[in-house]
Amino acid sequence: MTEQSFQVEFRFAKSYLEHEEGINHLWIKLEPLAGVKLAAVRLQLPKGIFWTEDAGVYPIDADSQIRLESSNPPTELLLEMYTLQPVSPGLAELIFTVSCIAAGGVERSEAFAVPLRIADEEEAEPPFMDNEIVQKVKERRWKNNHPSDHGNKEPLDCTPGRLIRYDPHFRSELEKQYSIEG
């Protein structure tokens with residue numbers, strides 16, 4: 001009996017992460033986990049790179065593992081990574097680990113190395129943007145900010161109108177000085 005490998009796809013929103021105060025999003029698609037009781041994923045980042053620990057609809061436990069439901073549709077994760085302090089430019093590696101317990105009680109784990117380019121934004125060319133991932137980021141932010149708005153994709157302008165009050169008895173100093181009362 002051969003053990004089947006996990007099918008995972010990784011895509012970044014931008015071609016690189018800025019080395020200082022940079023931000024990027026990693027989209028992860030995990031094919032259906034058939035015959036699995038319990039599954040979790042973990043992301044190990046290089047020193048100086050952090051993630052928001054927000055996996056959308058999936059809960060995160062105390063060990064920063066994302067708990068996945070064993071379901072038939074593919075699992076999609078959209079993770080936000082960022083830097084606060086300067087990190088060394090170059091090529092870094094993220095380690096993405098998928099662990100699961102099959103229905104028979106057999107534990108399985110597989111790690112994937114995901115290359116991440118870190119660049120000095122002043123010296124690098126403009127990043128290549130993956131428009132499909134950028135759109136997913138925008139949709140997720142829209143859902144998080146407006147959960148009750150169903151289907152309306154346009155942001156609602158809630159800027160208060162400028163209120164102008166008119167006092168019919170007000171007179172400026174010049175009007176008072178030069179007016180002829182009669």
Side-chain angles (χ1 to χ4, degrees), residues 5-33 39-69 73-100 109-160:
S5 177
F6 294 109
Q7 301 275 329
V8 185
E9 181 183 351
F10 302 96
R11 286 169 53 190
F12 286 103
K14 294 188 305 190
S15 56
Y16 62 80
L17 176 69
E18 296 84 357
H19 85 291
E20 185 175 3
E21 295 182 4
I23 188 168
N24 202 347
H25 292 82
L26 175 62
W27 175 79
I28 303 163
K29 181 179 179 183
L30 186 62
E31 289 301 319
L33 302 170
V41 295
R42 173 185 223 105
L43 186 64
Q44 183 181 346
L45 299 168
K47 185 177 179 183
I49 300 176
F50 308 95
W51 69 293
T52 58
E53 297 196 8
D54 176 19
V57 297
Y58 300 105
I60 298 176
D61 65 14
D63 297 332
S64 296
Q65 288 190 35
I66 302 168
R67 297 284 173 197
L68 302 177
E69 300 171 3
T75 301
E76 288 189 13
L77 299 170
L78 187 60
L79 307 177
E80 182 177 285
M81 298 176 307
Y82 60 94
T83 58
L84 295 173
Q85 302 295 323
V87 294
S88 300
L91 199 59
E93 220 173 52
L94 313 175
I95 306 297
F96 182 78
T97 306
V98 182
S99 305
C100 69
S109 183
E110 190 172 345
F112 300 88
V114 183
L116 171 66
R117 195 176 116 189
I118 302 170
D120 184 346
E121 62 188 322
E122 294 172 2
E123 297 174 5
E125 71 281 351
F128 167 76
M129 304 296 279
D130 185 330
N131 292 327
E132 188 178 337
I133 305 304
V134 170
Q135 187 62 34
K136 288 179 185 288
V137 171
K138 288 179 182 178
E139 287 171 3
R140 179 171 171 187
R141 286 204 174 144
W142 180 255
K143 285 178 189 172
N144 289 348
N145 291 339
H146 304 284
S148 64
D149 193 9
H150 301 290
N152 187 6
K153 298 283 184 185
E154 289 298 316
L156 182 61
D157 182 13
C158 296
T159 309

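One-based numbering along the sequence shown. Both backbone and side-chain heavy atoms feed into the values below; hydrogens, waters and symmetry mates do not.
Here the CD atom belonging to E80 is positioned 11.5 Å from the CG atom belonging to L26, to the nearest 0.5 angstrom. Remark: L17 CG to E121 CD distance equals 10.0 Å, nearest 0.5 Å. A distance of 12.5 Å separates CG of L77 from NZ of K29, quoted to the nearest 0.5 Å. Atoms CZ and NZ, on R117 and K14 in that order, are 11.5 Å from each other to the nearest 0.5 Å. Between the CD atom of E20 and the CG atom of D120 there is a distance of 8.5 Å, given to the nearest 0.5 Å. Distance CG/L79 to CG/N24: 11.0 Å, rounded to 0.5 Å.
Legend: residues meeting salt bridge (charged side-chain N to carboxylate O under 4.0 Å, His left out) with E132, ordered by chain and number and at least two apart, are R11. Looking at residues two or more places apart in sequence or on another chain, you find no salt bridge (charged side-chain N to carboxylate O under 4.0 Å, His left out) involving E122.
Counting only heavy atoms from C-beta outward, the side chains of E76 and K136 approach each other to under 4.5 Å. In this structure the side chain of L94 reaches within 4.5 angstrom of the side chain of P46, judged on heavy atoms.
Taking all atoms of both residues into account, the shortest heavy-atom contact from S88 to I118 is O-CG2, 3.9 Å. Annotation for Y16 and A119: closest pair CD1-CB, 3.6 Å, computed over non-hydrogen atoms. Contact record, E18 with I23: OE1-N, 3.4 Å, taken as the closest heavy-atom pair. Minimum interatomic distance between L45 and M81 (heavy atoms only, all atoms of both residues): CD2-SD, 3.9 Å. Residues K47 and V87 come closest through the heavy atom pair O-CG1, 3.8 Å. Taking each heavy atom of E21 and L84 in turn, the nearest pair found is CG-O, 3.7 Å.
A distance-only check finds a donor-acceptor pair linking the side chain of T83 to the backbone of G22 [under 3.5 Å].
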Exercise. When you look at I28 and F112, which way does the side chain to side chain contact (heavy atoms under 4.5 Å, CB included) test go after all the steps?
Worked result: CA-CA 11 Å; I28 303 163; F112 300 88; over 6 Å; no
For this session: Walk me through it: do I49 and L116 pass the test side chain to side chain contact (heavy atoms under 4.5 Å, CB included)?
Result: CA-CA 11 Å; I49 300 176; L116 171 66; 3.9 Å; yes
For this session: Would you sort out whether F12 and I133 count as a side chain to side chain contact (heavy atoms under 4.5 Å, CB included), showing the intermediate values?
Result: CA-CA 7 Å; F12 286 103; I133 305 304; over 6 Å; no
For this session: Would you please test Q44 and T97 for side chain to side chain contact (heavy atoms under 4.5 Å, CB included) and show each step?
Result: CA-CA 8 Å; Q44 183 181 346; T97 306; 5.8 Å; no
